[in-house]
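Okay, so here's the structure we're looking at.
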Amino acid sequence: LRSSCRRGGGLVQAGGSLRLSCKASRMILSTFWATDFDWYRQAPGKQRDRVAGTSRDGSIYYEDSVKGRFTISRDNNKKSVSLQMNSLKSEDSAVYYCHARHAGIDSWGEGTLVTVSS
């Protein structure tokens, strides 16, 4: 996830959309369907918080501030996880990180900067 999670970020106007995508690393490929994926974000001076997650059992999580605007999804053919972000607000500006967990092992992407102008 480290390199691929650099893709998708950028500058967007408030109300616009961005899609973040991370392709699974070689370590995760063999266990893709048994892996939980999450998207975290961290703004300057703030802690890193989980904004969305998808579990291997099908459960979906969204942080309250992004409900109805963000959608997390998996692509089983491409072995990737994406975060579709719509109706972006200035407070969504942060570095976004993809996270994977399998058998107690955590894997993090390098992060991509999302800046929403208002």
Side-chain angles (χ1 to χ4, degrees):
L1 297 174
R2 287 190 293 274
S3 296
S4 62
C5 283
R6 291 180 177 179
R7 301 177 181 178
L11 175 65
V12 64
Q13 293 183 340
S17 299
L18 283 175
R19 184 177 180 88
L20 308 181
S21 296
C22 292
K23 189 174 183 179
S25 66
R26 292 185 181 276
M27 184 185 74
I28 297 175
L29 284 174
S30 62
T31 58
F32 183 84
W33 291 282
T35 302
D36 301 327
F37 293 97
D38 306 281
W39 286 95
Y40 285 74
R41 69 184 180 190
Q42 185 171 25
K46 304 293 184 180
Q47 65 180 4
R48 185 178 299 184
D49 294 323
R50 185 171 66 144
V51 297
T54 176
S55 174
R56 61 180 180 176
D57 64 6
S59 63
I60 301 294
Y61 165 83
Y62 294 107
E63 195 270 332
D64 287 342
S65 67
V66 308
K67 287 181 178 178
R69 301 188 298 117
F70 289 12
T71 303
I72 187 171
S73 61
R74 301 186 186 208
D75 188 321
N76 291 329
N77 291 327
K78 297 181 179 180
K79 302 295 189 295
S80 65
V81 59
S82 298
L83 183 69
Q84 178 67 43
M85 305 184 294
N86 298 326
S87 302
L88 284 163
K89 306 174 181 179
S90 60
E91 54 263 41
D92 294 320
S93 297
V95 176
Y96 284 73
Y97 300 87
C98 184
H99 169 264
R101 182 178 179 85
H102 175 72
I105 300 175
D106 295 284
S107 179
W108 290 90
E110 293 181 349
T112 184
L113 177 64
V114 172
T115 302
V116 183
S117 63
S118 61

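Scored by the side-chain hydrogen bond (donor to acceptor under 3.5 Å, both in side chains) test, N76 finds W33 as partners (sequence neighbours excluded). Evaluation of the salt bridge (Lys or Arg N to Asp or Glu O under 4.0 Å) rule for K67 yields D64 as partners, not counting sequence neighbours. Looking at residues two or more places apart in sequence or on another chain, you find a ring pair (Phe, Tyr, Trp, His ring centres under 6.0 Å) between Y40 and H99, W108. The side chain to side chain contact (heavy atoms under 4.5 Å, CB included) check on V116 picks up V12, A14, L88, D92, S93, V114, with sequence neighbours excluded. In terms of the side chain to side chain contact (heavy atoms under 4.5 Å, CB included) criterion, residue partners of T54 (sequence neighbours excluded) are, by chain and number, F37, I60, I72, R74. Remark: S90 pairs with no residue by the side-chain hydrogen bond (donor to acceptor under 3.5 Å, both in side chains) rule, at least two apart or across chains. Take D75 and apply the side chain to side chain contact (heavy atoms under 4.5 Å, CB included) test, not counting sequence neighbours, and it matches N77, K78, S80. Under the rule for a side chain to side chain contact (heavy atoms under 4.5 Å, CB included), the partners of S87 that lie at least two apart in sequence or sit in another chain are R69. Judged as a side-chain hydrogen bond (donor to acceptor under 3.5 Å, both in side chains), and not counting sequence neighbours, Q13 has no contacts. Remark: S118 engages no residue in a side-chain hydrogen bond (donor to acceptor under 3.5 Å, both in side chains) (not counting sequence neighbours). By the salt bridge (Lys or Arg N to Asp or Glu O under 4.0 Å) test, R50 is found to be paired with D38, residues two or more places apart in sequence or in another chain being considered. Taking R56 as the reference, nothing meets the salt bridge (Lys or Arg N to Asp or Glu O under 4.0 Å) condition, with sequence neighbours excluded.
There is no path of hydrophobic side-chain contacts, each under 4.5 Å, that joins Y61 to M85. Hydrophobic clustering of Ile, Leu, Val, Met, Phe, Trp and Tyr side chains at less than 4.5 Å, counting indirect connections, unites Y62 with L18.
Of the possible donor and acceptor atoms, one in the side chain of H102 sits under 3.5 Å from a partner among the backbone N and O of A34.
Rounding to the nearest 0.5 angstrom, the gap separating the CZ atom in R19 from the CG atom in N86 is 9.5 Å. The line from OG of S117 to CG of L11 is 5.0 Å long, rounded to the nearest 0.5 Å.
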